[in-house]
Amino acid sequence: MIYELLTKEQIELGYQRFLKHHPHAKTQVKERSEKMADILGIKISDLQHIETANILIEYANFLGIDSFEYLLQFAIGNKEHRKTIIGWRNELLSNAIGSKK
């Protein structure tokens, strides 16, 4: 669903801004990716995207906030655009579970 609401470029920008804002998270991504790449025998770059997403989710959970909305804070600079995207997401969720507003 996330790709219906944000482009891959917006998601990547959000991850980059998240890591810039949280240097410790950047270190965690690097360490986890290196360990997993060694274990799985795959490229570090392939794992960094996944580990960044995982750590962003962990941070959001720690803060007690929705991880998608937390990503939006980094991916989309305009507050009104973020509200619009959240509205789209809520509509998709309502349609998915068959509820109407």
Using distance only, find each side-chain donor-acceptor pair of residues 30-41 under 3.5 Å and give its atom names and separation, not counting sequence neighbours.
{"residue": "K30", "atom": "NZ", "partner": "E34", "partner atom": "OE2", "Å": "2.7"}
{"residue": "R32", "atom": "NH1", "partner": "E51", "partner atom": "OE1", "Å": "3.4"}
{"residue": "R32", "atom": "NH1", "partner": "E58", "partner atom": "OE2", "Å": "3.1"}
{"residue": "R32", "atom": "NH2", "partner": "E58", "partner atom": "OE1", "Å": "3.0"}
{"residue": "R32", "atom": "NH2", "partner": "E58", "partner atom": "OE2", "Å": "3.2"}
{"residue": "S33", "atom": "OG", "partner": "V29", "partner atom": "O", "Å": "2.7"}

Task: Spacing of I50 atom CD1 and Y15 atom OH [to the nearest 0.5 Å] - done: 9.5 Å
Open item on the list: Can you list everything that forms a salt bridge (Lys or Arg N to Asp or Glu O under 4.0 Å) with D46? Sequence neighbours excluded, please.
Closed with: none
Task: Value rounded to 0.5 Å, distance of CG in L72 from CG in L5 - done: 8.0 Å
- [ ] First locate atom NE2 of H21, then atom OH of Y59, and finally report the distance between them rounded to the nearest 0.5 Å.
- [x] 9.5 Å
Task: Between OG1 on residue T52 and CD1 on residue I57, distance to nearest 0.5 Å - done: 11.0 Å
Open item on the list: Would you say I55 ends up clustered with I11 if hydrophobic residues are merged whenever their side chains have heavy atoms under 4.5 Å apart, either directly or through other cluster members?
Closed with: yes
Task: Minimum heavy-atom distance between L56 and S67, given as atom pair plus value - done: CD2-O, 3.6 Å
Open item on the list: Please say yes or no: joined through hydrophobic side-chain contacts below 4.5 Å, possibly via intermediate residues, are I85 and L13 part of one cluster?
Closed with: no
Result block: side-chain N/O donor-acceptor pairs under 3.5 angstrom for residues 74-81, not counting sequence neighbours:
{"residue": "N78", "atom": "OD1", "partner": "E80", "partner atom": "N", "Å": "2.9"}
{"residue": "N78", "atom": "OD1", "partner": "H81", "partner atom": "N", "Å": "2.8"}

TODO: Measure the shortest side-chain to side-chain distance between E69 and R89 over non-hydrogen atoms and say whether it is less than 4.5 angstrom.
DONE: yes
Open item on the list: Is there a side-chain contact between L6 and L71 in this structure, where contact means two heavy atoms from C-beta onward sitting under 4.5 Å apart?
Closed with: yes
